[in-house]
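Working notes for the structure below.
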Amino acid sequence: MPTATGADLAAVLHQRADELEDACADLGDAEAASRPNDGAWCVREQLSHLYGDDRDTFLAGIQRVLIEGVPELEVTPGITHYTADRREIAFPALVAAVCGQYRAIGEIAARLTDEEIGARVRIELLKDTPFGATPTMGEWLVAIADMHVPGHIAQIRETREALGA
């Protein structure tokens with residue numbers, strides 16, 4: 001599987017942040033907090049999930065691998081991280097924080113060396129994907145940029161459509 005360059009990864013991550021901003025544009029606080037049906041996430045939950053836990057964001061995990069040499073990331077699917085604190089954040093600020101995180105990940109990606117892009121990290125969540133349980137950092141960033149974020153952007157758009165927002 002070919003590995004993307006840091007510049008390629010950065011461009012896609014920046015594009016995803018733009019798409020996310022577009023998907024959330026002109027959405028009010030009430031609509032952002034409304035669920036289209038039982039069991040579905042509201043837009044705020046989608047964004048909170050994309051941001052990650054305040055103590056362990058996606059950005060922080062990538063930095064731990066690159067700076068501290070952490071060999072494994074524990075990524076648990078399906079957690080919204082939608083806390084009381086997140087409910088109180090103004091919606092535009094939440095959108096800006098999430099988009100800012102993915103742009104920051106893009107900036108990191110742009111500076112990665114070939115060795116860093118090729119470094120392996122254990123992420124058990126990916127065991128059933130084409131990347132396997134020990135993707136390279138480049139593959140992890142591709143999974144984030146091409147699978148994870150676009151899926152949530154699509155869900156945000158579907159939620160907006162269902163709410164008529």
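Keep in mind it's a predicted model, so treat the numbers as computed, not measured.
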Quick check: is Phe91 connected to Leu163 through a chain of hydrophobic side chains (ILVMFWY, heavy atoms under 4.5 Å apart)?
no
If you round to the nearest 0.5 Å, how far is CD of Glu88 from OG1 of Thr83?
9.5 Å
Are more than 12 heavy atoms, taken from residues, nucleotides or ligands other than Asn37, located less than 6.0 Å from that residue's CG atom?
yes
Can you find a pair of side-chain heavy atoms, one from Phe131 and one from Val142, that are under 4.5 Å apart?
yes
Heavy-atom pair with the smallest gap, counting every atom of Ala10 and Gly106:
CB-O, 3.1 Å
Tell me every residue that passes side chain to side chain contact (heavy atoms under 4.5 Å, CB included) with Glu124, counting only those two or more places apart in sequence or in another chain.
Arg122, Lys127, Ala133
Qualifying residues under side chain to side chain contact (heavy atoms under 4.5 Å, CB included), relative to Arg120, sequence neighbours excluded:
Thr134, Thr136, Glu139
Would you say that Leu20 contacts Leu47 through its side chain, given a criterion of any heavy-atom pair below 4.5 Å between the two side chains?
yes
State which residues pass side chain to side chain contact (heavy atoms under 4.5 Å, CB included) with Asp54; sequence neighbours excluded, sorted by chain then number.
Tyr51, Arg86
Atom CE in Met137, atom CD1 in Ile108: separation rounded to 0.5 Å?
9.0 Å
Applying a strict under-4.5 Å side-chain criterion to I, L, V, M, F, W and Y, I'd like to know whether Met147 and Leu125 cluster together.
yes
Residues in side-chain hydrogen bond (donor to acceptor under 3.5 Å, both in side chains) with Arg35, at least two apart?
Glu45
For Leu126 and Pro135 the tightest heavy-atom approach is CD1-CG, 3.7 Å
Qualifying side chain to side chain donor-acceptor pair (under 3.5 Å) pairs, either residue in residues 155-165, two or more places apart:
Asp22-Arg157, Gln46-Gln155, His152-Gln155
Return all side-chain donor-acceptor pairs below 3.5 angstrom for residues 58-81, not counting sequence neighbours, or 'none' if the list is empty.
{"residue": "Arg64", "atom": "NH1", "partner": "Asp56", "partner atom": "OD1", "Å": "2.8"}
{"residue": "Arg64", "atom": "NH2", "partner": "Asp56", "partner atom": "OD1", "Å": "3.2"}
{"residue": "Thr80", "atom": "OG1", "partner": "Tyr82", "partner atom": "N", "Å": "3.1"}

With sequence neighbours left out, write down each residue that passes side chain to side chain contact (heavy atoms under 4.5 Å, CB included) with Ala11, or none if nothing qualifies.
none
For Ser34, check side-chain hydrogen bond (donor to acceptor under 3.5 Å, both in side chains) against everything at least two apart and list the hits.
none
Applying salt bridge (charged side-chain N to carboxylate O under 4.0 Å, His left out) as the test, list every pair that has at least one member in residues 100-112; sequence neighbours left out.
Asp18-Arg103, Glu21-Arg103
Start with the C-alpha gap between Leu94 and Arg44, add the side-chain angles, then the distance that decides, and say whether side-chain contact (heavy atoms from CB on, under 4.5 Å) holds.
CA-CA 8 Å; Leu94 181 59; Arg44 281 181 163 277; 3.8 Å; yes
According to side-chain hydrogen bond (donor to acceptor under 3.5 Å, both in side chains), who are the partners of Glu19, at least two apart in sequence or on a separate chain?
Gln15, Arg16
Glu31 side, atom CD; Cys24 side, atom SG - distance, nearest 0.5 Å
12.0 Å
Report yes if some heavy atom in the side chain of Ile117 is under 4.5 Å from a heavy atom in the side chain of Leu141; otherwise report no.
no
Can you name the closest pair of heavy atoms from Arg55 and Asp53 and give their distance?
N-OD1, 2.7 Å
What heavy-atom pair brings Ile156 and Ala23 nearest, and what distance separates the two atoms?
CG2-O, 3.8 Å
Looking only at non-hydrogen atoms, find the nearest pair between Ala162 and Pro36 and report the distance.
CB-CB, 3.6 Å
Test of understanding: clusters of I, L, V, M, F, W, Y form through side-chain heavy atoms closer than 4.5 Å, transitively. Do Ile153 and Trp41 belong to the same one?
no
d(Tyr102 OH, Leu50 CG) to nearest 0.5 Å is 4.5 Å
